[in-house]
Amino acid sequence: MGAQGPDQVVIVGGGTAGWMTASYLKAAFEDRISITLVESGKIGTIGVGEATFSDIRHFFEFLNLREEDWMPACNATYKLAVRFQDWRRPGHHFYHPFEQLRSVNGFPLTDWWLNGGPGERFDQDCFVMASLCDAGRSPRYLDGTLLDQEARAVTDEPSGLTMSEHQGKTQFPYAYHFEAALLAKYLAAYAVDRGVRHIVDEVQDVRLDSRGWIDHIVTKEHGEIRGDLYIDCTGFRGVLLNKALEVPFMSYQDTLPNDSAVALQVPLDMKKLGVRPYTTATAQRAGWIWTIPLFGRIGTGYVYAKDYCTPEEAERTLREFVGPEAESVEANHIRMRIGRSAQSWKNNCVAVGLSSGFVEPLESTGIFFIHHAIEQLVKYFPAADWNPKTRDMYNAAVAHVMDGVREFLAVHYRSAARDDTQYWKDAKTRPVPDALEERLERWKAQLPDSENIFPYYHGLPPYSYMCILLGMGGIPLRSSPAVGLSDDTAAQKEFQAIRGKAQHLVDALPTHYDYFAEMRS
Ligand SMILES: Cc1cc2nc3c(=O)[nH]c(=O)nc-3n(C[C@H](O)[C@H](O)[C@H](O)COP(=O)(O)OP(=O)(O)OC[C@H]3O[C@@H](n4cnc5c(N)ncnc54)[C@H](O)[C@@H]3O)c2cc1C
Ligand SMILES: N[C@H](Cc1c[nH]c2cc(Cl)ccc12)C(=O)O
């Protein structure tokens, strides 16, 4: 241990979590800490074709990586929104976009929309992005400039802030789709280049000292490896935190029953078919199917609850959904551990990634959890005295993010109007996390705002809740009485401005495919 505190870091696990952690810590502390990353050559990583939050750009900025560097290496594309298909009824869709919701006279535009919007679709009337998604547009022009002046101003946002410090200040217009396994490979090269020691071997034992702290790990071929701080990135196995240190795992399954997935990677002729600029979540009889457009193929999979659907049935449904292109592609069946570790940091061990916690990928939060955990780890990095208050603050921040996202996901199922199978009928009566029942009652009287959503930072702004409630259609909502009593001229002007801007951008922007074809040429 150095005079400042722990400076020998051992990371176990070489998936996205392991390499994101190694590269970020190297960028933060350079050679003032030493990092060893041990990963098994036999135990595979999870990588299905992932979607992200827009905040991940801060991760790449921190590492000084530009889109032109990392995106082609990871088959990455842009994500302007999540498209929810068939959650209200077959044929219906709406978007949850990356776009700040406008306000008029102190009320969100959605409130004015409920009182008498110009059209049937709140997403198209209140957000420009919905039209860009429907039209398959890129958020950047071929020369790389961002879609409009307003968004360009976002790139001048203050640097050096953590994600939670950025929240509410600006809304960047897009996130990414990429292959997490390729990102891990890309970051491995970045980290090793900067001095991270990489060992391919299996951890067979974790030895504790008399206080119950990790003393060393035992590998199959490289013997004992020692460090001050151990980071558990071993995925659902939780080899260090859950197994060796016996930290219990708190399941979220009473509220979020989906515990299984079957995934396919399907090569497609993108030139012919185009590349959609959004993630699609299509409701199914016992869950939903994700479609994530990558460059050259799609990642797709059925997330389901095994209490309602067998793996064979799920694979059959997925293959029928995708069509003949998937015929020769092998399916990957995955059991998901849904919930979080009771503490993600115990003694000298911090879990990051699936070992810390995971919720089903409906709102693409897995990599956001990792990014948030790493930022918090740097913020609360231990000193020589291992002050337990630092650990407690870290644990609280990580738990809040996961518990908050759990609530947000529960809102999706409770508010979905669809009720054609037992799975969807049960979604209306399934218990929701504490306090959400009361919040739902309040949102029936007044649309969600920052005062009445989950009270701690969890990545989601109030407008995200509005989108889900307005789009899912199963919970009665009303506009504020004050909106009904007010002159709506300014709101109608705003609706018109959105329509005009959307039309202009649809005409001016290239297709999503054309943008990436140009970037790669
Ligand atoms: C179905 C599904 C869909 C998902 N979709 C998304 C999405 O759209 N967006 C998103 O943000 N996230 C998504 N995720 C989550 C995302 O894929 C993971 O958060 C991310 O890949 C990080 O995984 P990880 O590194 O924690 O674990 P893993 O990828 O499982 O890596 C674990 C590592 O630990 C190593 N290991 C394990 N045991 C040992 C041992 N004894 N000795 C040495 N090494 C060991 C393995 O070899 C491996 O390198 C999804 C996850 C699933 C399951
Ligand atoms: N931290 C925010 C979270 C956020 C804001 N709008 C959206 C839309 C979708 Cl589809 C996911 C997350 C968010 C961010 O990532 O910008």
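Each ligand, and each atom within it, is numbered from 1 in the order the structure gives. Source: prediction; values computed, not measured.
Remark: distances from the non-hydrogen atoms of W290 to ligand 1 include one below 4.0 Å. Residue F172 places every heavy atom at 4.0 Å or more from ligand 2. Distances from ligand 2 to the non-hydrogen atoms of G459 include at least one value under 4.0 Å. The closest approach between a heavy atom of G47 and any atom of ligand 1 is not below 4.0 Å. Close to ligand 2: P97, with a non-hydrogen atom less than 4.0 angstrom away.
Close approach of ligand 1 to A261 is summarised as follows: ligand atoms under 4.0 Å from at least one heavy atom of the residue are 1 (C). Listed by number with element, the atoms of ligand 1 under 4.0 angstrom from any heavy atom of I370 are 19 (O), 22 (C). Shown in contact with G13 at under 4.0 Å from a heavy atom are these atoms of ligand 1, numbered in order with element: 33 (C), 34 (O), 35 (C), 49 (O). Using a 4.0 Å cut-off to heavy atoms of E202, the atoms of ligand 1 that qualify are 42 (N). Ligand 2 places these atoms under 4.0 Å from at least one heavy atom of V82: 10 (Cl). Set against the non-hydrogen atoms of C233, the atoms of ligand 1 under 4.0 Å away are 32 (C), 33 (C), 34 (O). Residue-ligand proximity, S364 to ligand 1, at heavy-atom distances under 4.0 Å covers atoms 9 (N), 11 (O). Which parts of ligand 1 touch G353 is read off a 4.0 Å heavy-atom cut-off, strictly below it: atoms 26 (O). Annotation for ligand 1: atoms under 4.0 Å from non-hydrogen atoms of P361 are 3 (C), 4 (C), 5 (N), 6 (C).
By the 6.0 Å contact criterion, CZ on R237 is open, its count of non-hydrogen atoms from other residues, nucleotides or ligands being 12 or less. No more than 12 heavy atoms of other residues, nucleotides or ligands shown are found within 6.0 angstrom of CZ on R285. Within 6.0 Å of atom CZ in R88, more than 12 heavy atoms from other residues, nucleotides or ligands are found, so the atom counts as buried in its surroundings.
A heavy-atom distance below 4.5 Å is found between the side chains of E360 and L409. Using a 4.5 Å heavy-atom threshold, the side chains of P361 and W288 count as touching.
Atom 25 (O) of ligand 1 has as its closest protein heavy atom A17 N, 3.0 Å. Looking only at heavy atoms of the protein, atom 47 (O) of ligand 1 is closest to I43 O, 2.7 Å. Here the heavy atom of the protein found nearest to atom 6 (C) of ligand 1 is E50 CG, 3.4 Å. For atom 20 (C) of ligand 1, the nearest protein heavy atom (residue, atom name, distance) is T16 OG1, 3.7 Å. The nearest protein atom to atom 8 (C) of ligand 2, hydrogens excluded, is given as H96 NE2, 3.2 Å; this is a heavy-atom distance. Of the protein's non-hydrogen atoms, the one nearest atom 6 (N) of ligand 2 is Y463 OH, 2.7 Å. What sits closest to atom 49 (O) of ligand 1 on the protein, heavy atoms only, is G14 N, 2.9 Å. The protein non-hydrogen atom at the shortest distance from atom 48 (C) of ligand 1 is T45 CG2, 3.6 Å. In this structure, the protein non-hydrogen atom closest to atom 13 (C) of ligand 2 is F98 CE2, 3.5 Å.
Here the side chain of H371 pairs no donor or acceptor atom with the backbone of I367 at under 3.5 angstrom. Checking side-chain atoms of N242 against main-chain N and O of V247 turns up a donor-acceptor pair under 3.5 Å. Remark: side-chain polar atoms of Y515 are not paired, donor with acceptor, to backbone N or O of R137 under 3.5 angstrom. A donor-acceptor pair is defined here as one N or O able to donate and one able to accept, closer than 3.5 Å; such a pair exists between the side chain of R319 and the backbone of A326. For the pair S415 (side chain) and M472 (backbone), a donor-acceptor distance under 3.5 Å is absent. H96 places no side-chain N or O within 3.5 Å of a backbone atom of C467 that could act as its donor or acceptor partner.
If you look at I367 next to ligand 1, the close heavy atoms, those under 4.0 Å, come from the backbone and the side chain alike. Residue contacts with ligand 2, taken as heavy atom pairs separated by less than 4.0 Å, involve P461 solely via side-chain atoms from C-beta onward. The part of R237 lying near ligand 1 is the side chain, judged by heavy-atom distances below 4.0 Å. Looking at Q171 against ligand 2, only its side chain comes within 4.0 Å, counting heavy atoms. Contact annotation for S355 and ligand 1: no heavy atom of the residue comes within less than 4.0 Å of the ligand. Residue contacts with ligand 1, taken as heavy atom pairs separated by less than 4.0 Å, involve F358 solely via side-chain atoms from C-beta onward.
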Test log, rule salt bridge (Lys or Arg N to Asp or Glu O under 4.0 Å), inputs R297 and E179: CA-CA 10 Å; R297 62 180 190 81; E179 296 192 41; 2.9 Å; yes

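F454 has its ring centre no less than 6.0 Å from the ring centre of F408. The six-membered or imidazole ring of Y394 lies near that of W345, with a centre-to-centre distance under 6.0 Å. Here Y95 and H93 bring their ring centres to under 6.0 angstrom of each other. Aromatic ring centroids of F107 and W113 lie 6.0 Å or more apart. Here Y176 and W70 bring their ring centres to under 6.0 angstrom of each other.
Checking only distances, L354 does come within under 3.5 Å of ligand 1, N or O to N or O. Considering backbone and side-chain N/O atoms, V48 never comes within less than 3.5 Å of an N/O atom of ligand 1. The distance criterion of under 3.5 Å between nitrogen or oxygen atoms is met by I46 with respect to ligand 1. For ligand 2, the polar-atom distance check against S54 finds a nitrogen or oxygen pair separated by under 3.5 Å. Considering both main-chain and side-chain atoms, E363 never comes within under 3.5 Å of ligand 2 through any nitrogen or oxygen pair.
Heavy-atom proximity to atom 9 (N) of ligand 1, evaluated over G366, A180, S40, A51, is greatest for A51. The residue from T365, V303, T234 that puts a heavy atom closest to atom 37 (C) of ligand 1 is T234. Considering each of D201, V203, L37, the one bringing a non-hydrogen atom nearest atom 41 (N) of ligand 1 is V203. Evaluated by nearest non-hydrogen atom to atom 14 (C) of ligand 2, the leading choice among I468, T52, D55 is D55.
Legend: residues meeting side chain to side chain donor-acceptor pair (under 3.5 Å) with K346, ordered by chain and number and at least two apart, are absent.
Rounded to the nearest 0.5 angstrom, S464 OG and E363 CD are separated by 7.0 Å. For the atom pair F369 CZ and T365 OG1, the distance stands at 4.0 Å (nearest 0.5 Å).
Across every non-hydrogen atom of A286 and Y308, the tightest pair is CB-CB, 3.8 Å.
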